[in-house]
Amino acid sequence: MDRLTKALEKARADRASAPQTTGTPLSASGASLNIRGPQSIPDVKSRPVDSAHLAFHRVLTGGGASNEAATTAFKLLRTQVLQRMRSNGWHTLVVTSPGQGNGKTVTAINLALNLAKHAHQSVLLVDLDLRRPSVYRYLTDQPGPGISDYIHGYAGIEEILFSPGVEGLTVLPGREPFADSAEALLRPTTVSLLDGLLSRYSGSIVILDMPPVLAVDDVVAFSSHWDAFLLVVEEGRTTDYEVRKSLELLKAKPILGTVLTKSQDVIPDYLY
Amino acid sequence: MDDQATSLDTIIAIIKRRFWYFLLPILLVIGLSATVVFSLPAVYRSTGTILIEQQGLPADLVRSTVTSYADERIAVIRQRVMTAENLIAIMDKHGLYPDLRSGADESAALLQMKTDVAMEMESADLIDPRSGRPVSATISFSVSFDAASPEIAQAVASDIVELYLAENLKERQEVTKEASRFLEQEANRLADEIAALEGKLADFKTASGASLPEMMSSNLESIQRVNDRLRDIDQSINSLTESSILLEGELARTSPFSQTSAVGWDGQRVVDPASQLKILESQAVALSARYSAQHPDRIKVERELRALRDSLKGQDLTSTPAESDNPAYTQIRARIIANSTELDALKKTRQEVESQLADYEDRVTQAPIVEQQYLGMTRDYQAALDRYRDVKSKLMEAKLAESLESESKGERFTLIDPPRLSSEPIKPNRPAMLFLGVVLAIGSGFGTVTLRQAFDRGIYGARALASITGSPPLAIIPFIDSGIAGNRQKLRLLLSIGLIIVAIIVAVIAYLLIFLPSPTVG
C-alpha cells in the first residue's frame with residue numbers, strides 16, 4: 001500500500017506538472033513528433049501480419065467457423081464498450097485483470113480489432129504492460145521496435161507505431177520489459193508521450209493493455225491518464241477475493257465492465 | 001461457489017472442468033480393483049445335500065429306539081466325522097494344504113480344513129404329529145468343501161459326505177444294539193429271579209401245601225368226614241362194649257364144661273387146668289394134713305401140682321381154657337374174644353382217626369398263616385413274571401428296531417444331491433467385486449472432484465461474477481481454440497491413451513509385486 005500511495009502522489013504531481021513538460025521530453029529525445037490536430041490521424045506504417053499467427057495467438061480475425069462463440073462474444077463486447085464509452089464520453093480504456101494470464105492481452109487485442117474492423121472506429125492499442133509486453137508477440141513474429149525503445153531513446157515514435165493491416169487500428173507495442181514497470185511508466189518521457197498520443201488520437205478510442213492490477217500498481221499509478229477500465233476475469237482462476245480487491249483498488253475510477261474469459265459457461269439468454 | 005445453484009448443468013460443467021480429477025482416480029481405482037479381483041485365487045465349492053428320510057415302516061409297527069432329534073444327531077455326527085484322524089486321512093488322500101503341512105504340527109492345516117468344510121442344516125416348519133404343535137424340524141443338511149480346484153472340492157466333499165452317512169448308520173445301529181443288549185440282560189436276570197421264586201413256591205407248596213386256601217374246603221370236608229367216622233367208630237365201640245358186657249355176663253352164667261365131661265385116657269374126668277389145679281391143691285392140702293412129705297401119695301400129688309403149675313405158667317388162668325367143652329361157652333367166649341379184638345381194632349382205628357382229625361384241624365388252623373405266606377410268594381412271583389413279560393416284549397421290539405436299522409428301514413440319511421464339479425468359483429465373486437470396484441472408482445472420481453472443488457475459490461459463470469461486481473459481465477469469452485482445429489482434442493486423446501497405458505502398467509506391476517510371490521492354496 002505504501003508503494004501505491006507513493007505512486008498516486010507521484011501521479012498527481014506528474015499531472016500537475018504535465019502540461020509544462022509535454023514538449024520537452026520529445027525534443028529531448030530528438031524524435032520529431034508531428035502533433036496533428038484531433039481530426040487527423042497520422043499515417044502509420046503498415047506491417048503485414050500472418051492470419052495463422054494471429055489465429056495461433058487467439059486473435060480472432062473473423063474468418064472460419066472455429067471460435068464462433070468467441071467471435072460473437074467479442075462482437076458483443078465491442079458493441080457494449082463502444083456504447084458505454086460514447087455515452088460516458090470516455091476515450092481511454094484500460095484493459096486489466098486481477099492476475100497474470102487471465103486473457104487480458106488477448107481480450108484487448110480482439111476488442112481493438114473488432115472495434116476497428118467492424119465498428120469502423122479508429123482505435124489506438126497501446127501495450128502498456130511494460131513488465132511483460134506481449135501485444136507485439138501476439139500480432140507478429142517479425143522483430144520490431146517497441147515502446148521501450150522510445151523510452152530509452154533508441155527510436156522515434158513513428159517507427160514504433162504500426163498498423164497490423166486493419167484499417168483504423170494503430171498499435172503501439174512494447175519490446176523490452178522493464179523491471180520496475182510503474183517507474184518506467186511514470187517517467188516524464190512516457191507520460192508526455194502518452195499524453196501526446198492521447199491528444200493526437202483524441203477522436204479514437206485508446207485501449208491500454210496494462211499489467212494485472214494486483215501484481216503491480218501500474219494501473220493505479222497511471223490512474224490520471226485513463227478514463228475507465230475493463231476488468232478481465234478468468235473463470236476458475238480468478239477468485240472472488242481477487243475481483244473484490246481489484247475493484248477496491250480501482251474504486252476511484254469508473255469501471256466500464258467485466259469480461260469473463262476462458263469460460264465454459266453457457267451464455268445466458270438475457271445477454272442476447 | 002456457494003452462490004451457484006447446484007443444478008445438473010453445474011455439475012456437468014464442474015466435471016468437464018475437472019475432467020482429469022475425475023478420470024484419473026476412476027482409472028486408477030478400476031485398475032487396482034481389476035488387479036485385485038483377478039489375482040485373488042479362485043475358490044471352488046462342491047456341496048452335497050443329504051435328506052433326512054423318515055422311517056419307512058409305520059411307527060406303530062416298529063418303534064425306533066433312536067429318539068433324539070435329527071439336528072442333535074447331526075451335530076453329534078459332525079463331531080465324530082470332523083475328528084483329526086478323519087481329516088488327516090482325507091488330507092493325505094488328496095494331498096491338501098501342502099504348504100501348511102510342511103511341519104510336523106498339523107494344527108494349522110486342521111484349522112484350515114475345518115473352515116473349508118461347511119455344514120448347513122435346513123429346517124422346515126411342521127406340525128408335530130404327536131403333540132399337534134408347530135415345530136421346526138430339520139429335514140435336510142448340506143455338506144460342502146472349498147478348494148482351489150473344482151475336482152479336489154468334489155472329491156473331498158464326496159469323502160466327507162460318505163463319512164457322514166457311514167457315521168450315521170453306525171451310530172444308529174450302535175444305539176439299537178445297545179438297547180437290545182441291555183434288554184436281553186434284564187430278561188435273563190428276571191428269568192433267573194423267576195426260577196428261584198418258582199422253586200421257593202414249589203418248596204412251600206410241598207411243605208405246607210395242605211393248608212393252602214384251595215385246600216380249605218376239602219380239609220373241612222375231610223374234617224366233617226372224619227368226625228362222622230369218629231362218631232361211627234364211637235358208636236361201634238359203644239355197641240361193642242355193651243355187647244361185651246352182656247357177653248361177659250352171659251359167660252359168667254355159663255359153665256365152661258358141659259355136664260358130660262369128657263373122659264380122659266385114664267378114665268378120669270377131664271377137667272380144665274384151673275379146676276385141676278384147684279383139685280390138686282385141695283388134695284395136697286388134705287394130704288399134707290394126714291401124711292408126711294415122704295408119703296408117696298403126697299409126693300405124687302406134689303409132682304402133679306408142680307407139673308401143672310409149670311404147664312400153666314404163662315397161661316392166664318382166667319382166660320378161657322382151651323379145653324372147654326361147652327359149645328355155648330366156647331361160642332360166647334369166642335364172641336367175647338371177637339368183640340374184644342374188634343374193640344381193640346376199633347380203638348386203634350379211633351386213635352388213628354383222632355390223630356387224623358387232629359391233623360386236619362391242624363391244617364385248618366394253619367391255613368391263614370399259610371395263606372398269607374402263599375399270597376406273598378405268589379405276588380412276588382406274579383410281579384416277577386409280569387416284569388419279565390414286559391422286558392421280553394420290549395426286547396422283541398428292540399430286536400425289531402435293530403433289524404430295522406440294519407435293513408436301513410429306519411430314519412435314514414439319503415444323499416439326494418451328490419457333490420458336483422462346480423464350473424464357477426464361489427469366491428471371489430468377480431463380477432460383484434468388479435462392480436464394486438467400478439462404483440468405488442466413480443465414487444472416488446466424484447470424491448476427488450469434490451475435494452478439488454472444495455479448494456477451488458475461483459469464479460465460475462457469469463452469475464458468480466455478476467454477484468461480485470453487481471452487474472453481469474459484458475461478454476463471456478469461451479476458450480479460444482488456437483492453431484489447428486481439434487488440436488486440443490487430439491492432445492486430450494493422446495493424453496487419455498497415455499494415462500490408460502500408465503494405469504495398465506501400474507496394475508501389472510502391482511500384480512507382480514504383491515500377488516505373484518505369495519503362494520496360493522491348492
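Sequence lines set the chain letters: A, B, ... in the order given, protein chains first and strands last, and positions in each chain run from 1. As a basis for the values below, the full set of heavy atoms in this structure was taken, side chains included, without hydrogen atoms, waters or symmetry mates.
With 3.5 Å as the limit, one finds a donor-acceptor pair spanning the side chains of A:Ser263 and A:Glu235.
Both the backbone and the side chain of B:Ile468 come within contact range of chain A, judged by heavy atoms closer than 4.5 Å. In this structure, the portion of A:Arg84 lying under 4.5 Å from any heavy atom of chain B is its side chain and not its backbone. For chain B, the nearby part of A:Val233 is the side chain; its heavy atoms alone come within less than 4.5 Å. Residue A:Val106 touches chain B through its side chain alone, counting heavy-atom pairs closer than 4.5 Å. With a 4.5 Å cut-off on non-hydrogen atoms, A:Leu77 touches chain B through its backbone and its side chain both. Using a 4.5 Å cut-off between heavy atoms, A:Leu230 contacts chain B through its side chain alone, with no backbone atom that close.
With chain B as the partner, the residue from A:Gly236, A:Gly257, A:Gly103 showing the most heavy-atom pairs under 4.5 Å is A:Gly236.
With respect to the salt-bridge test (charged N to carboxylate O, under 4.0 angstrom), the residues A:Arg244 and A:Asp240 qualify.
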- From CA spacing to verdict: side-chain contact (heavy atoms from CB on, under 4.5 Å), A:Lys104, A:Asp209: CA-CA 7 Å; A:Lys104 163 182 55 63; A:Asp209 179 21; 3.3 Å; yes

Carefully, step by step, assess A:Leu214 and A:Ser246 under the rule side-chain contact (heavy atoms from CB on, under 4.5 Å). CA-CA 6 Å; A:Leu214 295 179; A:Ser246 312; 3.7 Å; yes

> Does the pair A:Leu124 and A:Ile207 meet the rule for a side-chain contact (heavy atoms from CB on, under 4.5 Å), with working shown?
Replying inline: CA-CA 6 Å; A:Leu124 172 65; A:Ile207 296 176; over 6 Å; no

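Here CH2 of A:Trp90 is found 12.0 Å from CD1 of A:Ile205. Values are rounded to the nearest 0.5 Å.
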